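Written out below as structure tokens is the structure these notes cover.
Letters go in sequence order (proteins before strands), and every chain restarts at 1. Keep in mind the model is a prediction, meaning the values are calculated, not measured. The figures that follow rest on heavy atoms only: side chains count, while hydrogens, waters and symmetry mates do not.
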Amino acid sequence: MLSNVVEWLWPGASFGLANQLAQLWFGFTLLLWLAAACYSVTFIKRQVGFYWLFFIVAMSGNLLLIVAQDVLGFYLGFALMSLSAYALVIHSGSSQARRAGRLYLQLAIVGELLLFAAIVLRVHESDGNLALAELTMDSIQPLTLLLLLLGFGLKAGFFPLHVWLPQAHPAAPAPASAVLSGAMIKAGLFGLWVFVPASAVVVQQWAVVLLVLGLCSALFGAVIALWHQQSKVVLAYSSVSQMGYMLMALAIVWLSTGDARVMAATVLVGYACHHAFLKAALFLGAGACSSYRLQRFHWLAIGWCLFTLVALPLSSGAAVKYGLKQGLMAQQSSPVWLAEWLYGLLSVGALTTALLALHLWCLLRQQQMATHSQSMPAVSGWMNSGWLILVVASISMPFAVISTQPFWWASISLSAVWASSWPVLAAVLLFLIVRQIGWILPERWRDPQSRFVWLSLRAKRLYQTQSRAEWQVRWPGWRSLERQINQGLQRAELLSTAAVVLSSVMLILWLLH
Amino acid sequence: MNYALAAVLLPLLAALLALGWRRYAAWVSWGGTILSLLCAIVALQQVLSDGPQQMLLGNWPTGLAIRWQLSELTALLLLLTTVIHSLVASYSLTSLRRLQVAADFWPLSSLLQMSLSALWLSTDLFNWYVTLELLGLVAVAMVTLSGNKSVAAALRYLLLSLAGSLCYLLGVALLYGQFGVLDVAELATRMPASESHMTTFALVLMTAGLMLKGALWPLHLWLPAAHAVAPAPVSALLSALVVKGPLFILWMLWSQLATVELSHAAAGFFLFAGSMALLTGGWSALRTPYAKVMVAYSTVAQLGYALLAIGLALRSADPAFQLALWLFIIAHALAKTSAFLAVGEMQHSLGGKRVQMLKGASQTMPVAMFALAVAGGSLIGLPPSGGFLAKWQLLLPLWPEWQLWLWLLVIFLGTLLSAAYVFRLVVLAFDRADPVKPDFAPQLLPQWLALVPALLVWGLAFGSHSFVHWLGG
Amino acid sequence: MSGDFWFDTILGLVLLTLALATVRAQQLAAAVMIFVVFGLILAVAWARLGAADLALAEAAIGAGLTGALLFSALARQAKAESAPVSKSSSRSSWLVLLLSLMLTGILCFSLWWVPLQPEHHLMPLALEHLANSGTEHPVTAVLLNFRAWDTLLELIVLLLALMGARLVSSPMLQTPQRWPLASQWSKRLAPLLILVAFFVLWRGATAPGGAFQAGALLAAAAVVLRLNHQLPPLHWRYGWVRLIVLSGVLAFVVAGIASALLQYQPALLIHWLEWPLWLAKPLILFIELCATLAIGLTLTLLVVGEPEELSS
Amino acid sequence: MDFNSWLPLLIVLSSLIPGLLIFTLAEHRTLLRTCLNLSGVVIKLLLVVWMWLGVKAGEDYFFQLPFLPGGPFILHGDALSLQFVMLSSVLWLATTVYAIGYLENSPLRSRFFGYFSLCVSATVGLALSGNLVTFVLFYELLTLATFPLVVHRGTPQSLRAGRRYLAYTISGGVLLLMGAALLHSVAGSPVFMPGGYLSAQLDTQSMALIVAFVLLIAGLGVKAALLPLHGWLPEAMVAPAPVSALLHAVAVVKAGAFGIVRVVYDVFGVEVMQQLDLTWPLVVLASSTILYGSWRALQQQDIKRRLAYSTVSQVSYVTLGVAMLGPVAAIGGLVHLVHQGVMKITLFFCAGNYAETLGIHKVHELNGVGRRMPLSSVAFSLGALGMIGIPPTAGMVSKWYLSMGALEAGFPWVLGVLLMSSALNAAYFLPLLYRIWCLPAAEWPEERRLSDRFETHWMLLLPPVLTGALIVLMGVLAGTDISPLSWTELIVEREFGYVE
């Protein structure tokens, strides 16, 4: 554990990685960025300077927020990350990207402000303590909690706050999407983890809601994804879905106590790590799929990632899912019936996730087929290496990350294998049946447009108004009246009049006196 | 006292010499002024060290003789007169050569200085009449210096001035008829005790006459025409000095001769007249299309402050109002000198009488324009000018008396109006799009001389301690 | 009702009538003429009131000099252009009338309150000091000794009047053609007038009279001579003309300075215009003489001075 | 008198004397003028640094001259005044360099630089004023010295702006004068002291104190551009860029804000303010100004006008922080005095650069400027981000302290105001950045290309780049000893008697 107060930076600045989990978080984030960087070397072809500038700023922001041990440092990192990501989103310069970017930026700013308010309130609640470590000890006001949830939630992108995700991810270049989905949205989660004091009463009450919300998000994301025909949109919705699981994990962390909490935290970090690698790898794959000629091992890698996504045994997914279920059952704060219901619904979630994976596989294949693969360039070494890092990391995660190893071992027990496999099998079955029937999604249901892009345009019109003329006083006939007065004031007879008036005044004065 | 006497006689001698020895009129007059300036300084010093002094002319007993009194106030006014006259004379030395009737300017201006000095020193009702008459005639004669175009204004000025003098004289006669003395101090011992309709009427008559001569609202209408038509140094002298004479007498009359009730009643009138002067004078100055008329109206407005101060001083025992009155007089004299000299200089070089001729003056005649702006700053009352000092002295005792809030409002509005008309000129001067080209190369020295009084008045606030010490008791 | 009463009443009525007639006269010349008559009657009135000084002064200045001034003004006027009487001016004349009436009313009202016998503090004082003043006549004493400063300033007033007049260039004086009778008449009249003038001056020391009246008479003589071309043009550029015009004031100042120097004592205050007792009478006489000459010449120049003579 | 008491006067004179000398220079003496200017700047900066070190070490700098009766002319170098003095001296350096480049070959430079130096003298004098009378004196002088700069261009438009400027500021000055007179008549004009000097009059003269407060705030509010009195500021933007930059963004408006600080803390004092219940009206006023200014800024299509309205909004942060009467809020307000100055001057420099180099005045002309003028645009972006309050810029620091202070002082709704304002700031600044960086370039007029120069004249480029760097440094290095933040903490601790 290294923590380090730096006197000469902003007030209270201190850095360090508080515990093993934070180290792990830092580690996977760093790896993710490195992989994306490798991938970007040849993938990015226009406006390279800008791309790298903002890539690096976003990366440093992301790393800073993990490393920061004080509020301001965290906020600095968070803001740097989320704002410079805007440049990554609109990098392609297409109108779609700009629309998506606008929505992203609007929400990022709003989120930033809400977060700022939340942080200020939070610090105020704890008597101006700027050290993160001391924040978690205190109670929390409902308003602060709400603001925190909204602020971080807008970044984390779970269910009701996910609106920017399906827009921004397809617009951004693949490596940018990878880090967006793999690392940046996790930062929101990380923030919640860091800022919300688990033991506060309010948190205990709200966590149950969050648990349900997380599951909703998980189901919603996966189901909506099936409607979409663009691979990156599907991936984005998958992220929404997966963030739902992670939200559940977080809620479990809050709800559980003692050792169970440590376990739940491990699950949370493990889940984040797992999802980061696989989603980044998938995005890289999806990016390569549209404009590069893929080799067989590429498809293998994509397959493995999907395999992991649906949490089939031996993958890291299975481990973290198992951990999640364990955690859900281990916590005692929520009603038992709710936990059991949720436990059951998690299987439905797995089913939908599997459907999504299959849908995605088909889409990617179609994408590759649709283009003349021979005329496509081959995937370059840099890209391969970036991809490779992620896939290898994904495969090796259960072994490399010691804290999740118990779950992995547990997940290959027979019951666990069955529990994780039957939804997948059901999904495959369902998929095959649908295939067999030949039912395809009606045209008008495909790619539903999000209303939020339109709303963002309206919002923009609201604040980009034309200047109006200043309010001016106009008096009709003012000038001529004034001229008359002036002429009157300078008349010759005025003197004698004045003399008379003066004399009368004095006379009256005198007589009265 | 001897030096005060010298300060009165030197300009008289200079005037006589200048009349007789016409070739060197300018130098003689100028030399006389400078010498009298030195004398006035010494006189002030003596008063400050030895206290007030008095002189009975001819060494006859009190009552029979005319009594001269040299107090701190009169010494200061004497100094003011000599300072302003020497400044104007210096300016005229450099600029008056272009005027046809220059030779007549010198004796007249020296006589003006002499008569005003005599007025300050005197404490005799009839002697005041004579000095007033003298002052009026000098002023009229000087107005006519600019030739035929000035005759109408000068004649009007003459007639009204005579009417004013007659009113005053009538009042003097009534008082003399009743009390048989002319010395103010003696009258002051008798008059308030035996107050009657007669004395009231005499005071009213004298007030009317003095207001007419001093161009106090509502009897100010002759002033803009007369002051605007005169040559620049003359306007400066008229506005800075001549109108202050009647004001001085007015204050002496009401503060010394009137009963408390009467002066309270009169104070209301003075306050009203002062407010109206401030507002209408300021407004007229703002709207007039001619530059010098504007400056002249500004005099009308500024005299409103003096009237306000008189009114307040009559109403309240606070000596600060008196102090404010004298400070206004001093600051206005200096500022107005500068303003008229500057405007005159610009009018001469740029051609035209309208305000519009000042377009671009800050580029073509920067020093003169600067002088005008600086003098205007004092008229507005911007710190640290003398105008500011005076206004400050007026505001300080005014604030604690809440029932007088109306006059605060008037002062506020008057200040805004003065700012409006001053900056109307200044803004025009910064016009670079369409500047007025000078007809010939502007002379630099007169411009600098026009600036001197403005700078003096801006340094005034730093000497305020002395003023308070001298005037406030 | 005595004869005196009737005489005074008639005098007053005549004065009022003349004043009204002056104002209402249609022609300027007539107005001037009536005004001269008015001045003469007024002098009589002063005489009736026992103010011989004033009567003399009024006769010399009000009737004689003012008349001459007005006549010369008439002569200088180009063809009388009667300015159309505008409505506004008639309105303002009503105002003026109102003002005058009001003034008169107040004046009458306050005169009602004037004590008939004012408590004169100064008269006994003046009489007491008369012996030290160098002259026997109280008026002269007041003018040239007790309140000499006023007189000095009044002399300057006169000087200023001349200077003011010089500055306003006026049209040529239309002198009448040489008229033998007039020139003869003036030849006789002028010495007489000068003689009378000096008599009045001399008399001033003991009885009503003095420099102003004498100067006015002198001026009258000069005007008459000048109008009949029996006197050369008086040019302002002549040194002596200026010297004489200035002489009144100069004499005063020189006398003042000289007496101040004569009585100078370092420790004491200089008393301005304090004549030493032994020198008082000659000084006063000297001043009066100079003043008479100055007044005479000044008035002459005011009346008959020609533009090119006046302006430098 | 030893040197210490002369130092404040010397600081004022160090710009006054070069200014007066410059007036007398002929137009073509460019080199001499530049030397005079720069030497004045450098000398002033050295003196200020000296004083800064002294004040830090606990020295007292006090210069006194008899002036009005009961109200001497006092220059007093305390921690609070040094905040403002330091700001104006440093920014004067930047602006002088900028102005020399900006006005290259334009007429009437002697006049311009003369008045410019006078303005700085007045600003510094105002900062160093030791009592209310002296403050009023310099306040008016500042008005007068600024006016010629506003109308420097001499076009009808700038003359109109000048008239408006005068109408507002002179009225404000008169109000201030009246208020000062009232206070003087109540309690004299002693030296500004922490905690105010009016508590003795609190019981007997509370009405007078309230009236005086209203008058003073109204007078100061004109320069500080508080809500109904802000109308001059956007108009005054027709002045040349250095004038808008230093004077309107920094000196003049800050003079008003600084005056409010003085009045609230050193004349009335916290206790009297609370007793008289004067706090919340000021807070409400400042808050509404913040929102209104931002809202108006949104509607402006002219870059400088947009920046001007932004100034209206941002300067009220200072007022807001001061008005809330809490130590943390005071830190926020006072540190924003510096931060906003540096940020806004950067923005104005850059706007000036755009206008000078490419003739850009309107928002929609900014498209793609980022490629053509990258350094200026970077500086501009930093300034804009700072205004929004995005970390790690200086704006974030002040916003943080203001928010914390609002909570601490019991005005939680102010946090909402700050958030709204930040949102509006983002709404009017981010589209500019978007145009600058993200949109394709427009066609510049041929004569504006200036192919032989990199971006523009180096003298125009250096100042914004330096101040832009400062924006980030002041944010990142806020905890260092030389940062404005720690100096502000010193002020709050020492002057306002707050101990954290």
> Is there a side-chain contact between Pro107(D) and Arg432(B), using heavy atoms and a 4.5 Å cut-off?
Replying inline: yes
> In terms of heavy-atom proximity below 4.5 Å to chain B, should Phe67(D) be classed as side chain, backbone, both, or neither?
Replying inline: both
> In terms of heavy-atom proximity below 4.5 Å to chain D, should Trp405(B) be classed as side chain, backbone, both, or neither?
Replying inline: neither
> Would you call the rings of Phe370(B) and Phe23(D) parallel, tilted or perpendicular, where under 30° means parallel and over 60° means perpendicular?
Replying inline: tilted
>> Using side chain to side chain contact (heavy atoms under 4.5 Å, CB included), reason through Arg163(D) and Arg424(B) one step at a time and then give a plain yes or no.
In response: CA-CA 8 Å; Arg163(D) 274 190 209 107; Arg424(B) 177 178 169 222; over 6 Å; no
>> Report which part of Leu396(B) has an atom under 4.5 Å of a heavy atom belonging to chain D: side chain, backbone, both, or neither.
In response: both
> Below 4.5 Å, heavy atoms only, C-beta onward: do Val427(B) and Phe147(D) meet side chain to side chain?
Replying inline: yes
> What part of Arg153(D) gets closer than 4.5 Å to chain B, counting heavy atoms only: side chain, backbone, both or neither?
Replying inline: backbone
> For Met178(D), does its backbone N or O pair with a side-chain atom of Trp399(B) as donor and acceptor, under 3.5 Å?
Replying inline: yes
> What part of Leu137(D) lies closer than 4.5 angstrom to a heavy atom of chain B: side chain, backbone, both or neither?
Replying inline: both
> Relative to chain D, which of Asp431(B), Leu395(B), Thr415(B) shows the most heavy atom pairs under 4.5 Å?
Replying inline: Asp431(B)
>> Less than 4.5 Å to any heavy atom of chain B: does that hold for the side chain of Pro72(D), its backbone, both, or neither?
In response: neither
>> Run the side chain to side chain contact (heavy atoms under 4.5 Å, CB included) test on His152(D) and Phe430(B) for me, step by step, so that the C-alpha distance in whole Å, both residues' side-chain angles and the decisive distance to 0.1 Å come before the verdict.
In response: CA-CA 7 Å; His152(D) 181 73; Phe430(B) 279 95; over 6 Å; no
> If you count heavy-atom pairs under 4.5 Å with chain B, which of Val150(D), Leu144(D), Val136(D) comes out on top?
Replying inline: Leu144(D)
>> At a 4.5 Å cut-off on heavy atoms, which part of Leu177(D) comes close to chain B: side chain, backbone, both, or neither?
In response: both
>> Taking every non-hydrogen pair under 4.5 Å, which of Leu108(D), Thr155(D), Leu159(D) racks up the most with chain B?
In response: Leu159(D)
>> Among Ala212(D), Ala167(D), Ala208(D), which residue has the highest count of heavy-atom pairs closer than 4.5 Å to chain B?
In response: Ala208(D)
>> Nearest 0.5 Å, please: how far is CZ in Phe412(B) from CG in Leu215(D)?
In response: 8.5 Å
> Checking heavy atoms, do the side chain of Val211(D), its backbone, both or neither come under 4.5 Å from chain B?
Replying inline: side chain
